[in-house]
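The structure displayed is predicted, hence computed values, not measured ones. Chain A is the first sequence line, chain B the second, and so forth, proteins listed ahead of strands; every chain is numbered from 1.
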Number of protein chains: 2
Amino acid sequence: MSAVGTSGISILLVDDHPVVRQGYRRVLEHQDDFRVVAEADNAAGAYRAFKAHQPDVVVMDISMPGASGLEAIRNIRARDADARVLVFSMHSEVAQVKAAFGAGASGFVTKGSEPAELIAAIRSVVRGEHAMSDDVARVLALESLVPTKSALDELGEREIEILRQLVAGATKEQIAENLNLSTKTVQNYHYLIKAKTGMRTDAQLVRLAVECGLANL
Amino acid sequence: MSAVGTSGISILLVDDHPVVRQGYRRVLEHQDDFRVVAEADNAAGAYRAFKAHQPDVVVMDISMPGASGLEAIRNIRARDADARVLVFSMHSEVAQVKAAFGAGASGFVTKGSEPAELIAAIRSVVRGEHAMSDDVARVLALESLVPTKSALDELGEREIEILRQLVAGATKEQIAENLNLSTKTVQNYHYLIKAKTGMRTDAQLVRLAVECGLANL
DNA sequence: TGCAGGTCGGGAAATTTGCCCGACCAAGTT
DNA sequence: AACTTGGTCGGGCAAATTTCCCGACCTGCA
């Protein structure tokens with residue numbers, strides 16, 4: 001799955017800040033088996049560049065306008081299940097980390113990390129492993145000790161119930177009847193739920209819900 | 001979740017043949033803690049009766065006109081995840097048994113079984129267990145030893161691939177691009193797939209595909 | 001008192017769905 | 001060789017749905 005005709009690790013760099021890209025390109029190319037083969041400054045461009053270059057790894061900042069970084073990861077992974085995406089973010093909020101891995105990322109490194117950590121993470125993910133910087137690991141570990149906030153936690157009670165029935169296979173009309181709502185309201189909730197969870201497709205939504213244990217009760 | 005104000009087990013009997021209902025009503029009410037609180041002769045009626053009576057268990061023949069028994073089960077379970085449905089069928093074909101459990105049934109007894117088996121199964125499912133008559137268990141066990149025909153077997157190669165990407169979370173546009181098709185064709189396949197598998201909702205389709213191991217490649 | 005947030009639905013334009021149809025092509029038929 | 005069968009691909013078109021945005025009503029809470 002590595003790029004044809006050359007050895008070393010080919011990299012696609014995605015960040016909406018040109019200066020940041022420059023800086024990291026410099027850092028990465030200091031490793032002589034690393035090659036930054038393309039750059040992109042938005043989700044759509046990232047996807048296009050991925051298709052064009054098939055890099056060994058995509059290093060991506062997901063806090064881009066439109067919060068579409070996750071979308072880009074999903075797109076890339078939907079196209080090629082072997083794709084490796086290492087997200088490289090400002091913050092290490094649990095929700096964001098989980099969302100990233102949920103979208104198919106292979107690693108998560110914060111921008112506060114040492115360059116060496118980023119480099120190590122890149123090598124790690126191209127080997128097929130998962131990687132994250134220490135600070136990320138720490139918040140995640142800590143978080144796993146408490147009740148666990150899932151991606152569904154920002155949903156209200158009504159939204160959860162509607163999602164549950166949706167996932168159970170009920171049609172909107174049936175849900176409307178079950179809950180004594182208008183079909184329109186159920187449609188609005190459905191839309192809202194997708195917006196809140198960041199899922200674009202019903203399929204994504206169903207799988208998220210199933211993973212969060214919302215299925216079969 | 002049991003009916004208010006009374007002890008014993010309340011039952012909703014669903015079968016399109018009045019005589020059969022009569023016969024089984026007789027048999028069931030011979031148990032003095034059983035009460036047949038309602039009857040229905042079709043899927044829609046079953047759903048309505050369920051809503052009206054909230055029986056402890058629904059005993060249902062699924063070979064009704066329109067093959068809508070499964071639909072009825074799904075409706076009932078979507079409305080109340082605690083609902084118990086015991087299907088009571090003429091045949092014990094693997095596909096039908098699987099479809100029934102897939103739709104949310106808690107038990108499956110053939111009409112060839114002894115009354116005692118039906119009664120035992122009813123007690124079993126109200127206790128929250130799963131139950132099936134010996135003959136059903138036998139075909140199912142036997143079937144689990146061979147390659148397994150899934151509900152997806154009637155789908156062609158193209159259909160499978162499109163379903164796979166759909167379930168992976170890709171949008172129709174992305175699929176169209178990945179496979180070099182027009183969006184319209186992907187839409188048509190999506191429609192066809194739902195028709196062939198008998199799934200009415202995307203959610204149902206996704207869960208079917210996941211159960212058939214189509215997820216994650 | 002006022003503000004935040006959950007619940008419920010209308011409106012309207014853009015898209016999608018449901019269903020049917022025709023065309024092409026490869027593989028068999030007898 | 002003329003024919004059927006079945007998978008693949010897409011147009012058409014009315015009906016339904018989605019996507020956003022907005023207003024209204026509660027309730028809790030500062």
Spacing of A:I193 atom CD1 and A:L208 atom CG [to the nearest 0.5 Å]: 10.5 Å
Could you tell me whether [X] and [Y] have a side-chain N and a carboxylate O separated by less than 4.0 Å?
X	Y	value
A:D202	A:K194	yes
B:E161	B:R158	no
B:K51	A:E177	yes

The side chain of [X] lies closest to which of these nucleotides: [options]?
X	options	value
B:Q187	D:dT8, D:dT18, C:dT17	C:dT17
A:Y191	C:dT16, D:dT19, C:dT17	D:dT19
A:L181	C:dC8, D:dT17, C:dT17	C:dC8

Round to the nearest Å and state the distance from [X] atom [atom1] to [N] atom [atom2].
X	N	atom1	atom2	result
A:I162	D:dT18	CD1	C1'	16 Å
B:R200	C:dT17	CZ	P	16 Å
A:I193	C:dT7	CD1	P	10 Å
B:H190	D:dT17	NE2	P	14 Å
A:L163	C:dT7	CG	P	13 Å
A:K172	D:dT19	NZ	C1'	12 Å
A:K194	D:dT18	NZ	P	6 Å
B:D202	C:dT16	CG	P	13 Å

Donor on one side chain, acceptor on other, A:S124 and A:E129, under 3.5 Å: yes
Any side-chain donor near an acceptor of the partner, A:E117 and A:S133, under 3.5 Å: no
Touch class at under 4.0 angstrom, heavy-atom based, for B:E161 against every strand present: nothing
Nucleotide N/O of nucleotides 11-13 of chain D paired with protein N/O under 3.5 Å:
| unit_1 | atom_1 | unit_2 | atom_2 | d |
| --- | --- | --- | --- | --- |
| D:dG11 | O6 | B:N188 | ND2 | 3.0 |
| D:dG12 | O6 | B:K184 | NZ | 2.4 |
| D:dC13 | N4 | B:K184 | NZ | 3.2 |

B:T185 side-chain N/O to D:dC9 phosphate OP1/OP2 under 4.0 Å: no
Test item: A:R21 side-chain N/O and A:D15 main-chain N/O as donor-acceptor pair under 3.5 Å: yes
